[in-house]
Student: 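Attaching a single structure in structure tokens format; questions to follow.
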Amino acid sequence: MKDRKLLNCELQRIDAAAYRELPESGIVLVLDNIRSAHNIGSAFRTSDAFKVDRVYLCGICACPPSADIHKSALGAEYSVPWEHCPDTLQQVAALRESGYVVVSVEQTEHSVDLSAFRPEPGVRYALVFGNEVDGVQQCVVDASDFSLEIPQYGTKHSLNVSVSVGVVLWQMYSTK
């Protein structure tokens, strides 16, 4: 059996303006000092795919407009609202005050295995992803409601942050 790939024009995707009119998902991303603009672009593209409400670019994160972000975001930086925040900890505190459950995606002593996590209906989540080398800052982990850990079975200690964004968002939406 042959299976023809669909052309982009057949996918019936919405434009950036229509995207912003969709109902909120209740999920925001907080990028904590991500140094690679390509990883930031990938986070935007994945956020667009899963209808993330907003991306917070904290600390040293590059911000649009950026050719390097655009290279991997493919325009998703225009559909997904974003905001630059100089300090991750202050942004996490503001999100918590606004009613978000703050979740650091990090390996900690008491982290919740991602495969066991089920998002609660009606709860808004702020997912914090950390720097490619140092991860989420300890002070941000301390300020989080809990940590989620992606199970891994190989020899490496972590996944690329942009891959982690995709894995966690998939789990959030597949277990709703």
Student: Is it true that the side chains of Gln91 and Asp87 contain a donor and an acceptor less than 3.5 Å apart?
Tutor: no
Student: Donor-acceptor pair, Gln137 side chain versus Asn33 backbone, under 3.5 Å?
Tutor: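 Absent.
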Student: So, taking the atom named OG in Ser72 and the one named CZ in Phe44, what distance separates them when rounded to the nearest 0.5 Å?
Tutor: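 CZ of Phe44 is found 10.0 Å from OG of Ser72.
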Student: Which residue is it: Asp134, Leu57, Val161, Val140? I am looking for the one with a side chain to side chain contact (heavy atoms under 4.5 Å, CB included) to Asp32.
Tutor: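 Passing option: Val140.
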Student: Answer yes if the side chains of Ser66 and Asp68 hold a donor-acceptor pair under 3.5 Å, and no otherwise.
Tutor: no
Student: If hydrophobic clusters are built by linking Ile, Leu, Val, Met, Phe, Trp and Tyr wherever their side-chain heavy atoms come under 4.5 Å apart, do Ile27 and Val92 end up in the same one?
Tutor: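 Looking at the clustering, Val92 is in a separate group from Ile27.
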Student: Report yes or no: does Asp53 contribute a side-chain atom to a donor-acceptor pair with the main-chain N or O of Gly26 at less than 3.5 Å?
Tutor: yes
Student: Between Leu22 and Ile14, does the side-chain contact (heavy atoms from CB on, under 4.5 Å) criterion hold? Intermediate values first, please.
Tutor: CA-CA 10 Å; Leu22 292 172; Ile14 59 175; 3.5 Å; yes
Student: Could you point out which residue of Tyr173, Phe117, Tyr100 forms a ring pair (Phe, Tyr, Trp, His ring centres under 6.0 Å) with Tyr125?
Tutor: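 That would be Phe117.
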Student: Any sub-3.5 Å donor-acceptor pair from Arg13's side-chain atoms to Glu10's backbone N or O?
Tutor: no
Student: For Ser111, is there any backbone N or O sitting under 3.5 Å from a side-chain donor or acceptor partner on Glu149?
Tutor: no
Student: Per the side chain to side chain contact (heavy atoms under 4.5 Å, CB included) rule, which among Leu127, Leu29, Val163 passes with Val168?
Tutor: Leu127
Student: Between the main-chain N or O of His38 and the side-chain N or O of Ser42, is there a donor-acceptor pair closer than 3.5 Å?
Tutor: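 Looks like no, no N/O pair under 3.5 Å.
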Student: Shared ILVMFWY cluster between Trp170 and Val52, side chains joined below 4.5 angstrom?
Tutor: yes
Student: Rounded at 0.5 Å granularity, tell me how far NE2 in His157 sits from CD in Gln107.
Tutor: 8.5 Å
Student: Does atom CG of Asn8 have more than 12 heavy-atom neighbours from other groups under 6.0 Å away?
Tutor: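 No, CG of Asn8 has 12 or fewer neighbouring heavy atoms, counting only those of other groups under 6.0 Å.
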Student: Donor-acceptor check, side chain of Glu83 to backbone of Arg54, threshold 3.5 angstrom: yes or no?
Tutor: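 The answer is no, because no donor-acceptor pair under 3.5 Å joins these two groups.
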Student: Treating Ile, Leu, Val, Met, Phe, Trp and Tyr as nodes and any side-chain heavy-atom pair under 4.5 angstrom as an edge, say whether Leu169 and Ile40 lie in one connected cluster.
Tutor: yes
Student: Any donor and acceptor pair, going by atom type alone, linking the side chain of Glu77 with main-chain N or O of Gly75 inside 3.5 Å?
Tutor: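 At least one qualifying donor-acceptor pair exists.
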Student: Using every non-hydrogen atom in the two residues, find where Ser47 and Val55 come nearest and quote the distance to one decimal.
Tutor: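 The answer is OG-CG2, 3.7 Å.
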Student: Restricting to non-hydrogen atoms, name the atom on Cys85 and the atom on Tyr56 that form the minimum distance, rounded to 0.1 Å.
Tutor: SG-CD2, 3.7 Å
Student: Where do Leu159 and Gln152 come nearest, in terms of heavy atoms and distance?
Tutor: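 Between these two residues, the closest heavy atoms are N-OE1, 3.9 Å.
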Student: Can you tell me if Glu132 uses its side chain to pair, donor with acceptor, with the backbone of Ser36 under 3.5 Å?
Tutor: yes
Student: Please tell me whether Val128 and Val105 are part of a single hydrophobic cluster in this structure, the criterion being side-chain heavy atoms less than 4.5 Å apart.
Tutor: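 Unlinked, Val128 and Val105 end up in two clusters.
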Student: Nearest 0.5 angstrom please: Leu89 CG to Gln138 CD, how far?
Tutor: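 Taking CG in Leu89 and CD in Gln138, the distance rounds to 11.5 Å.
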Student: Distance check, rounded to the nearest 0.5 Å: Thr88 atom OG1 versus Ile60 atom CD1?
Tutor: 9.5 Å
Student: Take His110 and Phe146 through the test side-chain contact (heavy atoms from CB on, under 4.5 Å) and record every step on the way to the result.
Tutor: CA-CA 8 Å; His110 303 290; Phe146 64 95; over 6 Å; no
Student: Looking only at heavy atoms, what is the nearest atom pair of Pro64 and Ile69, with distance?
Tutor: N-CD1, 3.8 Å
Student: Are Ile150 and Ile34 connected in the hydrophobic side-chain network, where two residues link if heavy atoms are under 4.5 Å apart?
Tutor: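 Cluster IDs for Ile150 and Ile34 match.
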Student: Tyr19 and Val80: side-chain contact (heavy atoms from CB on, under 4.5 Å), yes or no, with the steps?
Tutor: CA-CA 8 Å; Tyr19 176 95; Val80 180; 3.6 Å; yes
Student: Determine whether Glu97 and Leu95 make a side-chain contact, defined as any pair of heavy atoms from C-beta on separated by less than 4.5 Å.
Tutor: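 The answer is no; the side chains never approach within 4.5 Å.
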Student: Under the side-chain contact (heavy atoms from CB on, under 4.5 Å) criterion, do Arg35 and Val133 qualify, and how do the steps go?
Tutor: CA-CA 9 Å; Arg35 64 183 177 165; Val133 174; 3.6 Å; yes
Student: I need the minimum non-hydrogen distance between Ser147 and Glu106, along with the two atoms involved.
Tutor: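 Of all heavy-atom pairs spanning Ser147 and Glu106, the closest is CB-O, 3.9 Å.
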Student: Once the angle between the rings of His70 and Tyr78 is folded into 0 to 90°, is it parallel (under 30°), tilted (30 to 60°) or perpendicular (over 60°)?
Tutor: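 Taking Tyr78 first and then His70, their aromatic rings sit tilted (interplane angle of 30° to 60°).
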Student: Got a donor-acceptor contact below 3.5 angstrom from the Ser25 side chain to the Lys51 backbone?
Tutor: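 Yes; at least one donor-acceptor contact below 3.5 Å.
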Student: Can a donor-acceptor pair be found, under 3.5 Å and without considering hydrogens, that links the side chain of Ser79 to the backbone of Ala76?
Tutor: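 Yes.
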